[in-house]
Amino acid sequence: MARVLSGVQPSGDPHVGNYLGAWMRWAREQEAEHLYCVVDLHAMTVRFDPALLRERTLDTAAWLLACGLDPDVCTLFVQSHVREHTEAAWVLACVASMGELGRMTHFKEKSQANDFTSAALFTYPVLQAADILLYHAEEVPVGDDQRQHVELTRDVAQRFNHRFGDTFTLPRATVPKVGARIMDLQNTDAKMSKSLESAGTIRLEEEESATRRKIMRSITDSGSEVRAAADKPGVTNLLELFAAVTGAEVADLEARYAGTGYGDFKRDLAEAVNGALRPVRERHAELRRDPAELEAILAKGADKARAVATSTMATIRERVGLLPSGA
Ligand code: TYM
């Protein structure tokens with residue numbers, strides 16, 4: 001049984017890409033040694049609103065539970081509740097180089113898109129490395145866009161181990177076979193994203209009619225064949241979505257819709273997506289009615305996570321020569 005950690009930023013409205021790329025798998029594969037984290041500190045690296053941050057942190061936790069995470073099985077917690085994350089991040093920032101951080105796609109994209117670039121946006125991957133390394137995670141289940149951050153975590157861990165003695169487990173990213181990179185339904189050059197307001201984002205929190213409309217109006221490619229191909233990025237994305245949501249093979253879907261055109265295909269896809277999300281949406285609405293219960297679950301999760309994090313942090317402090325405080 002592998003030790004697992006993964007995280008999600010409470011930075012916007014969660015969408016079907018988050019569900020298919022990450023959360024569905026987290027729920028399906030959860031075990032006692034798996035930790036899932038709402039990374040509120042990461043959501044502060046671009047302009048944010050404090051009231052919204054608070055609200056979204058709780059809401060994101062509710063979505064994770066609605067997707068099927070069971071706090072009696074795995075550990076669900078909020079990153080800022082375990083202070084060792086920021087402490088470890090400082091030490092790791094002393095081992096990471098400016099050069100490798102500057103190469104991160106996430107940093108390049110976000111710093112170009114905003115008028116203000118915080119220093120924390122630059123050190124963002126170091127905090128992510130702390131999230132992972134504090135728990136000795138071997139596997140990090142994520143969508144495709146997070147591979148680079150996990151690679152960096154590995155590099156930093158290796159460098160630390162080399163300089164200060166074997167301390168960290170080297171993690172690896174695990175991405176799903178289909179659904180690792182769901183693209184925006186209106187722009188197949190951009191991945192579906194929490195921070196983009198787009199008619200091409202299927203939000204978890206929306207009416208079924210909105211989801212249906214977005215899928216029916218999604219851009220398709222020239223021709224009318226339902227076929228995955230490099231010159232058909234729109235249809236390929238829809239096929240991928242269909243396969244991820246139903247567990248069917250892309251090839252079988254192509255065979256099923258051979259000669260039918262896009263209309264039937266989209267109608268069935270909308271039904272499949274809404275069908276898969278229906279129980280999740282219902283459960284989320286229920287969970288939101290009891291914020292005190294959610295907070296209690298998160299407090300318990302933080303206690304469990306802290307027990308591991310403090311012990312790793314004690315080792316880190318000792319390895320790098322920080323004087324014990326005696327406290
Ligand atoms: P975040 O919050 O952007 O996304 C959460 C998870 O959803 C996946 N994902 C997608 N998968 C498929 N298609 C998409 N269009 C899509 N968009 C998002 C992401 O790959 C991710 O798995 N830096 C991380 C959060 C983080 C983290 C960690 C992850 C902080 N610490 C430690 C793993 C381990 C992020 O911003 O994810």
Side-chain angles (χ1 to χ4, degrees), residues 3-27 34-46 53 56-57 59-61 63-64 67 69 77-80 82 85-86 88-89 92 104-107 109-110 120-121 123-154 156-157 171-196 198 200-204 237 240-241 243-245 305 309:
R3 276 188 308 270
V4 163
L5 178 131
S6 201
V8 52
Q9 290 192 68
S11 55
D13 291 327
H15 53 75
V16 77
N18 298 127
Y19 178 66
L20 298 173
W23 303 352
M24 197 169 78
R25 232 167 5 125
W26 297 1
H34 294 194
L35 297 104
Y36 300 102
C37 185
V38 181
V39 293
D40 50 352
L41 300 169
H42 276 112
M44 296 167 64
T45 54
V46 291
L53 176 63
R56 283 176 172 162
T57 301
D59 193 54
T60 304
W63 278 115
L64 295 179
C67 287
L69 285 189
F77 70 106
V78 174
Q79 182 187 41
S80 67
V82 181
H85 288 239
T86 39
L92 294 173
M104 295 293 110
T105 312
H106 175 86
F107 174 71
E109 284 176 359
K110 293 276 174 187
L121 185 68
T123 53
Y124 175 117
V126 171
L127 180 60
Q128 181 159 349
D131 300 339
I132 297 168
L133 299 177
L134 274 174
Y135 302 96
H136 305 292
E138 296 153 287
E139 290 182 6
V140 185
V142 282
D144 194 54
D145 61 329
Q146 294 301 316
R147 279 180 196 271
Q148 198 186 26
H149 287 157
V150 181
E151 276 306 308
L152 177 94
T153 302
R154 241 186 121 78
V156 170
R172 63 184 182 90
T174 61
V175 303
K177 228 171 72 216
V178 284
R181 192 173 183 81
I182 300 291
M183 307 310 279
D184 188 286
L185 302 188
Q186 291 298 327
N187 173 11
T188 48
D189 289 333
K191 68 179 163 86
M192 209 177 265
S193 154
K194 281 191 240 94
S195 48
L196 282 181
S198 165
T201 301
I202 299 175
R203 296 190 301 118
L204 296 184
N237 188 40
E240 177 111 345
L241 185 57
V245 103

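Read the numbers this way: they start at 1 and go in the same order the structure lists the ligands and their atoms. Note that these values count all heavy atoms, side chains included, but never hydrogens, waters or copies made by symmetry.
Each of Leu5, Val8, Leu69 was checked for a side-chain contact (heavy atoms from CB on, under 4.5 Å) with Tyr36, and the lone residue meeting it is Leu69. If you run side-chain hydrogen bond (donor to acceptor under 3.5 Å, both in side chains) between Gln79 and each of Gln128, Gln9, His42, only His42 comes through.
The parts of Asn18 lying near ligand 1 are both backbone and side chain, judged by heavy-atom distances below 4.0 Å. Contacts between Val8 and ligand 1, counted as non-hydrogen atom pairs separated by less than 4.0 Å, involve both the backbone and the side chain. With a 4.0 Å cut-off on non-hydrogen atoms, Met192 touches ligand 1 through its backbone as well as its side chain. Counting heavy atoms closer than 4.0 Å to ligand 1, residue Ala180 contributes backbone atoms (N, CA, C, O) but none from C-beta onward. The proximity of Ile132 to ligand 1, defined as any non-hydrogen pair under 4.0 Å, is limited to the side chain. Contact annotation: for Met183 versus ligand 1, there are no heavy atoms closer than 4.0 Å. Contact annotation: for His42 versus ligand 1, heavy atoms closer than 4.0 Å belong to the side chain alone. When non-hydrogen atoms are compared, ligand 1 lies under 4.0 Å from the side chain of Val39 (C-beta onward) but not from its backbone.
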Item to complete: Kindly determine whether Val150 and Arg147 satisfy side chain to side chain contact (heavy atoms under 4.5 Å, CB included), including the steps that lead there.
Response: CA-CA 5 Å; Val150 181; Arg147 279 180 196 271; 6.0 Å; no
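Set against the non-hydrogen atoms of Gly21, the atoms of ligand 1 under 4.0 Å away are 11 (N), 12 (C). Numbered from 1 in the order shown, with element, the atoms of ligand 1 that lie under 4.0 Å from a heavy atom of Val140 read 33 (C), 34 (C). Ligand-side atoms of ligand 1 in range of Ser6: 33 (C), 34 (C), range being under 4.0 angstrom from any heavy atom.
Between Arg3 and Glu139 there is no salt bridge, since no side-chain N of the basic residue sits under 4.0 Å from a carboxylate O of the acidic one.
Between Tyr124, Trp23, Trp26, Tyr19, it is Tyr124 that holds the heavy atom closest to atom 23 (N) of ligand 1. With Leu5, Val142, Asp145 as candidates, the residue nearest to atom 20 (O) of ligand 1 on a non-hydrogen basis is Asp145. Atom 16 (C) of ligand 1 has its nearest heavy-atom neighbour, among His15, His106, Lys194, in His15. The heavy atom nearest to atom 8 (C) of ligand 1, out of those in Gly143, Pro141, Ala173, Ala190, is found in Gly143. The closest non-hydrogen atom to atom 24 (C) of ligand 1, taken over Gln146, Arg147, Glu240, comes from Gln146.
Taking all atoms of both residues into account, the shortest heavy-atom contact from Val142 to Pro176 is O-CD, 3.6 Å. Minimum heavy-atom separation, Ala89 to Ala130: N-CB, 3.8 Å. Residue Trp23 comes nearest to Cys67 through the heavy atom pair CE3-SG, 3.8 Å, listed as atom of the first residue, atom of the second, then distance. The minimum heavy-atom distance between Pro171 and Ala137, with the atom names listed, is CB-O, 3.4 Å.
In this structure, the separation between CG on Asp184 and CG on Asn237 is 8.5 Å, given to the nearest 0.5 Å. Distance check, rounded to the nearest 0.5 Å: OG1 of Thr201 to CG of Asn187 gives 10.0 Å. Separating the CZ atom in Arg203 from the NE2 atom in His15 is a distance of 11.5 Å, to the nearest 0.5 Å.
For Asp144, no nitrogen or oxygen atom sits less than 3.5 Å from a nitrogen or oxygen atom of ligand 1, counting backbone and side chain alike.
Neither side chain, Ser6 nor Arg25, offers a donor N or O lying under 3.5 Å from an acceptor on the other. Between the side chains of Thr57 and Asp40, no donor-acceptor pair is found at a separation under 3.5 Å.
For atom 31 (N) of ligand 1, the nearest protein heavy atom (residue, atom name, distance) is Asp131 OD2, 2.6 Å. In this structure, the protein non-hydrogen atom closest to atom 27 (C) of ligand 1 is Gln128 NE2, 3.4 Å. With respect to atom 25 (C) of ligand 1, the closest heavy atom belonging to the protein is Gly7 O, 3.6 Å. Among protein heavy atoms, atom 13 (N) of ligand 1 sits closest to Ile182 N, 2.9 Å. Given atom 10 (C) of ligand 1, the protein heavy atom at minimum distance is Gly17 O, 3.5 Å.
Gln79 does not count as a contact of ligand 1, since none of its heavy atoms falls under 4.0 Å from the ligand. Residue contacts with ligand 1: Gly179 is included, with a non-hydrogen atom under 4.0 Å away.
Classification of the Tyr124-His149 ring pair by plane angle, with boundaries at 30° and 60°, yields tilted.
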